[in-house]
Amino acid sequence: MRGSLSGYLPAAVAVAASLLAGLVFTIAGRAGAEADATAGLLALVLVPVPMVMSVVWGSAVVMTRPHRLAFAAAGVWLATAWILFAADTVWPLASHMAAGVMAGVALGARWRLDAALGGITAALLPLAIWSLVQLPLGEQFELLREEMGPLLEESLPAGAEPDQRDQALELQQKQFDKIGDLAARIYPVVLVLGLLGQGLVVLMLVWLMVRTLGWQLASWRPPPFGKWRLPFYLVWMLAAGVGLLVTRQPLPMHIGLNLALLAGFLLSIQGIAVQFHWTARIMSPLGRVVFWTVTGLFLTLVVMLTGVVLGLADQWLDLRGLDRVEPPRDGGDDDTRNDQQSG
């Protein structure tokens with residue numbers, strides 16, 4: 001396959017596809033401004049385009065020869081796009097292009113998974129910040145409130161008195177405000193987790209695309225879920241978050257809350273892997289299906305909280321014995337014993 005593809009062709013395809021994406025977004029933006037009914041449909045159709053662009057550029061970085069030609073092509077596209085298209089079209093596409101390039105570099109250089117996800121997340125983060133600048137979080141909640149207002153009024157009892165309806169509506173508005181305040185507090189960790197998930201999807205799709213086209217790459221296949229272990233620095237992240245929380249200062253507490261939630265959520269994945277490991281050892285397959293179905297449906301919060309504790313403990317105590325050296329299985333001990341007896 002390598003011989004059948006010219007070295008420059010993947011980079012050229014990436015440039016052409018990106019210019020086409022910019023043209024499509026420009027046309028869609030003008031059509032949406034003229035017809036509100038069409039805007040929603042166009043936005044839905046264009047949802048996968050940035051992800052496709054990331055995959056195309058990630059594949060181009062891996063397959064282009066020499067590799068630096070892909071980076072040069074990215075610079076050419078960026079300069080051309082700034083001339084041809086508006087900034088609100090170029091900025092999102094450029095961010096997804098950078099994410100794809102980072103995924104290609106990570107795959108080609110065989111980065112660790114956490115380093116690869118960190119690099120892709122860093123490439124996508126400016127787009128998320130730019131989106132917040134364009135539409136601040138407070139305005140997003142205000143728009144949501146306006147959309148939810150009629151639904152809240154419709155949910156009130158039809159036969160209620162006007163005063164009762166006003167009181168019920170006011171109570172619902174207060175509850176909505178509390179939910180909005182909580183969402184604003186934890187928005188950074190939700191944003192980071194969303195970007196990490198998006199980065200994982202990009203990485204997997206680039207790897208799949210490259211392998212489908214016949215290129216051999218190191219496998220990114222993870223170990224069985226029961227043996228998952230996350231990096232130890234999450235423990236220090238959790239400690240830093242808790243430490244900032246006890247300062248009782250608004251900004252440090254806000255940062256600490258999100259750090260602690262992020263580290264706790266990731267450690268809970270390791271803790272659930274610990275539970276999965278032990279249930280696999282003590283339960284039958286049918287028992288495991290029943291156990292995880294019941295806990296997943298009715299005890300999700302308990303499983304997550306228990307997962308944080310077990311994940312933290314596993315970092316220190318190695319609850320599954322992953323660090324222990326398994327004894328040799330080739331009969332080496334028996335051979336040694338026989339040699340000693342014969343001597």
Trainee: Test of understanding: with salt bridge (Lys or Arg N to Asp or Glu O under 4.0 Å), list the residues that count as partners of Arg185, not counting sequence neighbours.
Mentor: Asp181
Trainee: Is there a path from Val192 to Val190 through hydrophobic residues (I, L, V, M, F, W, Y) whose side chains come within less than 4.5 Å of each other?
Mentor: yes
Trainee: Can you name the closest pair of heavy atoms from Ile186 and Leu257 and give their distance?
Mentor: CG2-CD2, 4.3 Å
Trainee: So do Met97 and Leu93 actually touch side chain to side chain, heavy atoms under 4.5 Å?
Mentor: no
Trainee: Count the heavy atoms of every other residue, nucleotide or ligand shown that sit under 6.0 Å from CE of Met204, and state whether that count exceeds 12.
Mentor: no
Trainee: Is the shortest side-chain heavy-atom distance between Val62 and Trp207 below 4.5 Å?
Mentor: no
Trainee: List, one per line, each side-chain donor-acceptor pair under 3.5 Å for residues 10-19, sequence neighbours excluded.
Mentor:
unit_1: Ser18; atom_1: OG; unit_2: Ala14; atom_2: O; d: 2.8
unit_1: Ser18; atom_1: OG; unit_2: Trp57; atom_2: NE1; d: 2.6

Trainee: Roughly how far, to the nearest 0.5 Å, is CG of Asp314 from CD of Gln275?
Mentor: 11.0 Å
Trainee: Test: side-chain hydrogen bond (donor to acceptor under 3.5 Å, both in side chains). Region: residues 70-92. Which pairs qualify, not counting sequence neighbours?
Mentor: none
Trainee: The test is side chain to side chain contact (heavy atoms under 4.5 Å, CB included); show your working for Asp318 and Arg229 and say whether it passes.
Mentor: CA-CA 10 Å; Asp318 189 22; Arg229 174 186 286 172; 2.9 Å; yes
Trainee: Where is the tightest heavy-atom contact between Val202 and Ala103, given as atom of each residue plus distance?
Mentor: CG1-CB, 4.0 Å
Trainee: Which pair of non-hydrogen atoms, one from Leu230 and one from Gln270, has the smallest distance, and what is that distance?
Mentor: N-OE1, 2.9 Å
Trainee: Applying side-chain hydrogen bond (donor to acceptor under 3.5 Å, both in side chains), name anything that partners Gln198, two or more places apart in sequence or on another chain.
Mentor: His96
Trainee: Within a radius of less than 6.0 Å around CZ of Arg288, do more than 12 heavy atoms belonging to other residues, nucleotides or ligands occur?
Mentor: yes
Trainee: Show every side-chain hydrogen bond (donor to acceptor under 3.5 Å, both in side chains) that has at least one partner inside residues 252-266, sequence neighbours left out.
Mentor: none
Trainee: So does Met253 have more than 12 non-hydrogen atoms from other groups sitting under 6.0 Å from CE?
Mentor: yes
Trainee: Looking at every heavy atom in both Trp278 and Leu319, which two are closest together, and how far apart are they?
Mentor: CZ2-O, 3.2 Å
Trainee: Working to the nearest 0.5 angstrom, can you tell me the gap between Leu261 CG and Leu266 CG?
Mentor: 11.0 Å
Trainee: List the atom pairs, with distances to 0.1 Å, where a side-chain N or O of residues 116-134 and a protein N or O form a donor-acceptor pair under 3.5 Å, not counting sequence neighbours.
Mentor:
unit_1: Thr121; atom_1: OG1; unit_2: Leu117; atom_2: O; d: 2.7
unit_1: Ser131; atom_1: OG; unit_2: Leu127; atom_2: O; d: 2.9

Trainee: What pairs meet the salt bridge (charged side-chain N to carboxylate O under 4.0 Å, His left out) rule with one or both residues in residues 191-206, with sequence neighbours excluded?
Mentor: none
Trainee: Say whether, by atom type as modelled, one donor and one acceptor occur between the side chain of Arg68 and the main chain of Arg65 under 3.5 angstrom.
Mentor: no
Trainee: Determine whether Gln315 and Leu267 make a side-chain contact, defined as any pair of heavy atoms from C-beta on separated by less than 4.5 Å.
Mentor: yes
Trainee: Can you tell me how far CG of Leu200 sits from CG of Leu195, rounded to the nearest 0.5 angstrom?
Mentor: 12.5 Å
Trainee: Given the rule that I, L, V, M, F, W and Y join up when any side-chain heavy atoms are under 4.5 Å apart, are Trp236 and Ile269 in one cluster?
Mentor: yes
Trainee: What closest approach, in Å, do Ser59 and Met209 show between heavy atoms, and which atom pair accounts for it?
Mentor: OG-CG, 3.1 Å
Trainee: Taking the side chain as every heavy atom from C-beta outward, state whether Arg320 and Arg281 have any atom pair closer than 4.5 Å.
Mentor: no
Trainee: In terms of hydrophobic clustering (I, L, V, M, F, W, Y; side-chain heavy atoms under 4.5 Å; direct or indirect links), are Met283 and Val274 co-clustered?
Mentor: yes
Trainee: Output every pair passing ring-ring contact (aromatic ring centres under 6.0 Å, His included) with a member in residues 177-198, not counting sequence neighbours, ordered by first then second residue.
Mentor: none
Trainee: Can you tell me how far CG of Leu205 sits from OG1 of Thr212, rounded to the nearest 0.5 angstrom?
Mentor: 10.0 Å
Trainee: Using a 3.5 Å distance criterion without hydrogens, assess whether the side chain of His277 forms a donor-acceptor pair with backbone atoms of Lys227.
Mentor: no
Trainee: Considering only heavy atoms from C-beta outward, does the side chain of Trp316 approach that of Phe232 to under 4.5 Å?
Mentor: yes
Trainee: My understanding is that a hydrophobic cluster links ILVMFWY residues whose side chain heavy atoms are under 4.5 Å apart, including indirect links. Using that, what else belongs to the cluster containing Val56?
Mentor: Val52
Trainee: To the nearest 0.5 angstrom, please state how far the CG atom of Asp114 sits from the OH atom of Tyr233.
Mentor: 3.5 Å
Trainee: Give the intermediate values and the outcome of side chain to side chain contact (heavy atoms under 4.5 Å, CB included) for residues Val49 and Phe25.
Mentor: CA-CA 9 Å; Val49 172; Phe25 269 92; 3.5 Å; yes
Trainee: Could you go through residues 296-308 and list every donor-acceptor pair under 3.5 Å that involves a side-chain atom there, pairing it with any protein atom two or more places apart or in another chain?
Mentor:
unit_1: Thr300; atom_1: OG1; unit_2: Gly296; atom_2: O; d: 2.5
unit_1: Thr306; atom_1: OG1; unit_2: Val302; atom_2: O; d: 2.7

Trainee: With a 4.5 Å limit on heavy-atom distance, are the side chains of Leu203 and Leu113 in contact?
Mentor: yes
Trainee: Applying ring-ring contact (aromatic ring centres under 6.0 Å, His included), can you list everything that pairs with Phe225, at least two apart in sequence or on another chain?
Mentor: Trp228, Phe276
Trainee: For a quick test of your reading: what N or O donor-acceptor pairs under 3.5 Å do the side chains of residues 238-251 make, sequence neighbours left out?
Mentor:
unit_1: Thr247; atom_1: OG1; unit_2: Leu244; atom_2: O; d: 2.6

Trainee: So, taking the atom named CG in Leu107 and the one named CH2 in Trp215, what distance separates them when rounded to the nearest 0.5 Å?
Mentor: 13.5 Å
